[in-house]
Peer 1: 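There's a structure below that I have some questions on.
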Amino acid sequence: MLARLRVGLIGARGHVGAELIALLQGHPRFELAFVSSRELAGEALAPSTAGQPAIRYEALDAVAVATRDVDALILALPNGVAAEYLAAIDAREGSRCAPVIVDLSADYRFDDTWFYGLPELARDRYRGQRRIANPGCYATAMQLALWPVRSSLSAPPQCFGVSGYSGAGTSPSPRNDPGSLRDNLMPYALIDHLHEREVTRHLGFPVEFLPHVAPHFRGLTITANLHLREAFTRESLRRLYSEAYADEPLVRVLDEAPWVSRIAGRHHAELGGFMVSAEGRRAVVVATLDNLLKGAATQALQNLNLAFGLPELDGIPVDATA
């Protein structure tokens with residue numbers, strides 16, 4: 001029997017942390033070594049199978065995390081917090097092999113020394129890096145929506161986005177307050193959103209992004225308005241996307257526009273709703289994904305599998321709800 005790979009999870013209280021715990025507990029090779037959350041410290045996780053010892057949440061600071069003997073660490077922390085954990089781990093690198101680190105915050109998505117882990121677009125560039133920046137949820141949807149047509153764009157694409165309020169995290173704010181969102185659509189950060197800059201950097205051309213929060217809990221949609229150099233038909237545009245993602249089980253190309261209600265709890269992204277203007281030089285594409293799964297936890301597991309040379313879909317129930 002192959003040895004289990006031990007994974008530590010930092011920031012386990014949030015919505016994404018809960019999804020990661022479920023995925024790691026069901027993985028054939030990874031096992032949870034510890035989970036850290038100040039708010040839940042002392043509480044026990046339910047064991048994934050009968051007879052397994054219960055793991056309790058711990059309140060671990062950066063120095064304590066650096067002393068733990070694990071193969072990988074997942075940092076599911078707010079933006080701006082990861083650096084102290086990296087510093088503590090770097091201080092101990094001389095005495096042991098540093099773990100693989102997957103960071104779910106935006107802290108290292110702009111750092112060329114980290115691998116930017118959007119597997120469908122970047123796995124061929126993976127060279128064994130042990131530090132991986134997980135893309136943002138909106139940024140994942142936008143890049144998947146724009147990648148196949150990138151060489152045909154004549155102007156910056158505009159992406160109108162709507163996300164469920166789980167994307168705003170668990171710290172109280174108007175953007176995750178069901179009362180404020182009831183019967184509402186809340187625009188925010190309409191210029192220079194972090195994910196706008198992230199997509200612009202990694203695709204190499206300007207992208208304009210207009211995010212909104214809706215009253216539903218999970219799932220996001222992007223409607224991308226595209227101006228094109230050459231004329232397309234609806235059929236040729238759809239074929240371009242179908243060919244680009246033909247071998248990607250976590251990206252599905254549809255004829256109709258995908259619905260957020262149908263993607264919630266699923267591990268893949270969907271692209272569809274292809275429309276083309278009469279002259280063929282303006283098109284619209286719609287992308288949906290679950291912001292907690294393909295936009296975060298599922299993608300983190302893809303990246304961990306990649307880092308350890310495992311099948312990329314190990315532990316990911318492709319055809320089942322979460």
Side-chain angles (χ1 to χ4, degrees), residues 3-27 29-49 52-93 95-109 111 114 117 130-137 166-172 176 291-293 295-305 307-308 315 322:
R4 303 282 284 177
L5 297 164
R6 291 166 53 79
V7 180
L9 173 59
I10 315 300
R13 170 180 175 266
H15 303 308
V16 174
E19 300 291 352
L20 282 164
I21 288 169
L23 287 171
L24 290 167
Q25 286 184 323
H27 196 280
R29 288 288 307 279
F30 296 133
E31 68 177 17
L32 275 170
F34 64 87
V35 291
S36 178
S37 168
R38 289 190 303 272
E39 294 87 349
L40 300 177
E43 295 185 20
L45 275 74
S48 57
T49 59
Q52 274 195 340
I55 296 176
R56 293 188 179 275
Y57 291 94
E58 301 177 74
L60 302 174
D61 63 14
V63 173
V65 167
T67 66
R68 296 299 180 97
D69 183 17
V70 293
D71 298 290
L73 280 174
I74 302 176
L75 304 181
L77 295 163
N79 293 342
V81 180
E84 63 182 289
Y85 290 88
L86 270 295
I89 292 165
D90 286 343
R92 288 180 52 84
E93 273 196 24
S95 60
R96 62 174 186 151
C97 181
V100 169
I101 297 172
V102 178
D103 179 36
L104 274 67
S105 79
D107 292 4
Y108 297 98
R109 295 175 191 159
D111 187 332
W114 285 58
R130 299 184 69 79
R131 296 189 175 180
I132 300 170
N134 223 53
C137 54
S166 61
T170 55
S171 297
N176 59 19
N291 54 295
L292 303 180
L293 293 176
T298 303
Q299 194 142 255
L301 193 56
Q302 285 181 268
N303 282 317
L304 274 183
N305 286 332
F308 286 97

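What you see below is based on every heavy atom in this structure, not just the backbone, and it leaves out hydrogens, waters and symmetry mates.
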Peer 1: How many angstroms lie between CG in Leu301 and CD in Gln299, if you round to the nearest 0.5 Å?
Peer 2: 11.0 Å
Peer 1: For a quick test of reading the model, state the closest non-hydrogen atom pair linking Arg6 to Ala33 and the distance between them.
Peer 2: NH2-CB, 3.5 Å
Peer 1: Check side chain to side chain contact (heavy atoms under 4.5 Å, CB included) between Ala307 and all other residues, then give those that pass, not counting sequence neighbours.
Peer 2: Val100, Tyr126, Ile132
Peer 1: Hydrogens and angles aside, do Asn291 and His15 bring a side-chain donor and acceptor to less than 3.5 Å of each other?
Peer 2: no
Peer 1: Please determine whether side-chain contact (heavy atoms from CB on, under 4.5 Å) holds for the pair Phe308 and Asp71, giving the CA-CA distance in whole Å, both sets of side-chain angles, and the decisive distance to 0.1 Å.
Peer 2: CA-CA 9 Å; Phe308 286 97; Asp71 298 290; 4.0 Å; yes
Peer 1: How far apart are the closest heavy atoms of Ser105 and Ala82, and which atoms are they?
Peer 2: OG-CB, 4.5 Å
Peer 1: For the side-chain contact (heavy atoms from CB on, under 4.5 Å) test, which of Ile74, Leu9, Val70 pairs with Leu32?
Peer 2: Leu9
Peer 1: Please check: side-chain N/O of Asp107 versus main-chain N/O of Gly80, any donor-acceptor pairing under 3.5 Å?
Peer 2: yes
Peer 1: Under the salt bridge (charged side-chain N to carboxylate O under 4.0 Å, His left out) criterion, do Asp90 and Arg131 qualify, and how do the steps go?
Peer 2: CA-CA 12 Å; Asp90 286 343; Arg131 296 189 175 180; 2.5 Å; yes
Peer 1: Using atom types as modelled and distance alone, determine if a side-chain donor or acceptor of Arg38 lies under 3.5 Å from a backbone N or O of Leu60.
Peer 2: no
Peer 1: Can you name the closest pair of heavy atoms from Leu292 and Ala296 and give their distance?
Peer 2: O-CB, 3.7 Å
Peer 1: Are Ser36 and Ile10 close enough that some pair of their side-chain heavy atoms sits under 4.5 Å apart?
Peer 2: yes
Peer 1: Could you tell me the separation between the CG atom of Leu104 and the CG atom of Leu77, rounded to the nearest 0.5 Å?
Peer 2: 9.0 Å
Peer 1: For the residue pair Ala98 and Ile89, what are the closest heavy atoms and their distance?
Peer 2: CB-CG2, 4.4 Å
Peer 1: Take Gln25 and Leu45 through the side-chain contact (heavy atoms from CB on, under 4.5 Å) test and state the conclusion after the steps.
Peer 2: CA-CA 10 Å; Gln25 286 184 323; Leu45 275 74; 4.0 Å; yes
Peer 1: Find the distance between CG (Leu304) and CG (Leu20) and round it off to the nearest 0.5 Å.
Peer 2: 8.5 Å
Peer 1: Between atom CG of Leu293 and atom CG of Leu23, what is the distance when rounded to the nearest 0.5 Å?
Peer 2: 7.0 Å
Peer 1: Applying side-chain contact (heavy atoms from CB on, under 4.5 Å), run through Arg56 and Glu43 and close with a yes or a no.
Peer 2: CA-CA 5 Å; Arg56 293 188 179 275; Glu43 295 185 20; 5.8 Å; no
Peer 1: Would you sort out whether Arg68 and Phe34 count as a side-chain contact (heavy atoms from CB on, under 4.5 Å), showing the intermediate values?
Peer 2: CA-CA 9 Å; Arg68 296 299 180 97; Phe34 64 87; 3.6 Å; yes
Peer 1: Determine the interplanar angle of the Trp114 and Tyr108 rings, folded into 0 to 90°, and report it as parallel if under 30°, tilted if 30 to 60°, perpendicular if over 60°.
Peer 2: parallel
Peer 1: Treating Ser37 as the side-chain partner and Tyr57 as the backbone partner, does any N or O pair qualify as donor plus acceptor under 3.5 Å?
Peer 2: no
